[in-house]
2 protein chains.
Amino acid sequence: MLEAGYAAVTSRRVAAKAQLEPQLVHYYFRTMDDLFLAIHRRRVEEGLERQTRALASDQPLWALWDYSRDPRGTALTMEFIALANHRKAVRAEIAASAERSWSEQLNGFRRPFEQHDVDAGALPPVVCTVLLSSISRFLGIEYGALGLSSGHAETVGFVEGFIRRLEGERSAGRANEPGPALTLGD
Amino acid sequence: MLEAGYAAVTSRRVAAKAQLEPQLVHYYFRTMDDLFLAIHRRRVEEGLERQTRALASDQPLWALWDYSRDPRGTALTMEFIALANHRKAVRAEIAASAERSWSEQLNGFRRPFEQHDVDAGALPPVVCTVLLSSISRFLGIEYGALGLSSGHAETVGFVEGFIRRLEGERSAGRANEPGPALTLGD
DNA sequence: GTCTATAGCTGGATAGAC
DNA sequence: GTCTATCCAGCTATAGAC
């Protein structure tokens with residue numbers, strides 16, 4: 001999916017990777033949509049776990065920002081959204097999990113916002129949730145698909161300035177800025 | 001492209017829409033990539049014209065925000081980005097036009113920012129350019145592909161509050177809020 | 001320019017032997 | 001479970017008549 005898009009994930013290629021015959025893919029998953037849903041379910045499970053850990057940490061905003069900027073993550077997410085857009089059989093399930101992940105993130109944001117006395121009139125947690133997702137995903141797409149990074153560093157700096165005002169410097173244990181330097185293969 | 005994605009745009013289907021034989025598509029465009037590039041070139045031309053008009057208007061931020069939120073526009077843009085991601089033959093050209101459009105938008109933002117005395121340290125025009133694109137595109141994708149709109153109204157309100165502080169109310173002649181209520185078919 | 005014909009490929013999915 | 005064999009569909013692209 002990362003290298004050539006969901007449309008390139010065929011029973012023949014999947015089987016070749018596993019050194020098996022294509023028919024076995026249908027034996028285990030029946031249709032290709034079932035296969036995609038299985039991949040997606042595992043991904044959602046891991047993602048929710050990791051998001052919960054991030055939100056429970058001492059720097060939830062830093063943790064979530066770093067996590068959501070992982071280039072492999074944004075690229076895969078976009079593939080699943082494209083898949084949902086064109087295959088109605090998987091759309092409902094992908095939409096439901098996105099909604100769930102969003103709502104847990106929103107819940108997790110309330111605590112740091114109250115703790116740091118953010119003026120909810122000026123920047124409500126719900127807006128901040130949407131903004132962080134928008135920015136990380138947009139930067140990931142633009143760099144990953146087109147190789148563009150004009151204005152990215154400034155925008156990352158802007159967002160991190162905001163997080164720094166709330167949570168202070170990223171703590172030492174925290175993963176470093178992944179940034180556009182990482183490629184999809186990492 | 002809007003209904004079923006770029007992969008569904010085949011010579012057979014294109015010909016059927018025009019009530020012609022599939023071979024004529026190859027006569028006029030040789031390969032399908034050539035066809036996509038032709039569509040893209042026309043789109044870029046119209047888009048740049050419209051963006052230039054928006055930036056030259058008396059409310060450039062309102063105009064650009066409304067324009068960039070057009071659901072058909074964001075959906076098509078995402079299809080072309082997905083196309084670029086998977087077909088290296090078109091990637092270079094799409095990336096070049098995106099970069100050009102971005103740079104003209106940035107140039108156009110400098111005037112209103114100076115005019116309204118925005119503190120460039122707090123919010124540089126370059127960051128604002130990336131932010132507006134991120135938000136409009138993310139909302140468009142999420143609503144268009146998954147039907148989700150949690151937090152969208154609040155985020156739109158947040159952005160428009162910012163624009164309102166700079167340019168005042170949207171003037172009467174300006175198109176109304178297109179919003180998530182518009183569907184792809186409009 | 002537009003048509004018929006066709007080559008050559010890739011794909012999803014099933015049937016049935018073992 | 002895993003295999004062979006196979007069907008049927010869809011696609012891009014070219015050749016050549018008119």
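Residue numbers start from 1 in every chain, and the chains themselves are labelled A, B, ... in the order their sequence lines are given, proteins ahead of strands.
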Here the distance between atom P of C:dG12 and atom CZ of A:Phe29, to the nearest Å, is 14 Å
Whichever of A:Ala7 and A:Tyr27 has the more 5' nearest nucleotide on DNA chain C, that residue is A:Ala7
Margin query: Tell me whether the side-chain N/O atoms of A:Arg13 come closer than 4.0 Å to OP1 or OP2 in C:dG11.
Written below: yes
Please set out all donor-acceptor pairs under 3.5 angstrom arising from side-chain atoms of residues 118-132 of chain B, sequence neighbours excluded.
{"residue": "B:Asp119", "atom": "OD1", "partner": "B:Gly121", "partner atom": "N", "Å": "2.9"}
{"residue": "B:Thr129", "atom": "OG1", "partner": "B:Pro125", "partner atom": "O", "Å": "2.7"}

Under a 3.5 Å distance rule, please check whether A:Thr10 uses its side chain to pair with a backbone N or O of A:Arg13 as donor and acceptor. yes
Here the distance between atom P of C:dT10 and atom CE of A:Met32, to the nearest Å, is 16 Å
Kindly say if B:Arg30 contacts the phosphate of D:dT12, meaning a side-chain N or O under 4.0 Å from OP1 or OP2. no
Rounded to the nearest 0.5 angstrom, the CD-CD distance for B:Glu3 and B:Glu79 is 11.5 Å
* Is it the case that B:Thr77 and B:Arg43 place a side-chain donor and acceptor less than 3.5 Å from each other? -> yes
Rounding to 0.5 Å, atoms CZ (A:Arg69) and CZ (A:Arg137) come to a distance of 13.5 Å
| field | B:Ser150 side chain to A:Glu99 side chain, donor-acceptor N/O pair below 3.5 angstrom | value | yes
Rounded to whole Å, OH of A:Tyr28 lies from C1' of D:dT2 at a distance of 8 Å
Transitive ILVMFWY side-chain link B:Val90 to B:Leu2, under 4.5 Å
yes
Of C:dT14, C:dT2, C:dG11, the nucleotide closest to the side chain of A:His26 is C:dT14
CZ of B:Arg170 to CH2 of B:Trp65, rounded to nearest 0.5 Å, is 9.5 Å
Rounded to whole Å, CZ of A:Arg12 lies from C1' of D:dT4 at a distance of 14 Å
Atom CZ of A:Arg87 and atom C1' of C:dG12 are separated, to the nearest Å, by 10 Å
Residues in residues 14-24 of chain B with a heavy atom under 4.0 Å of DNA chain D, by number, are B:Gln23
Inspect the contact between B:Arg50 and B:Glu46 and indicate whether a charged nitrogen and a carboxylate oxygen are less than 4.0 angstrom apart.
no
Under a 4.0 Å heavy-atom cutoff, the residues of residues 35-43 of chain A touching DNA chain D are none
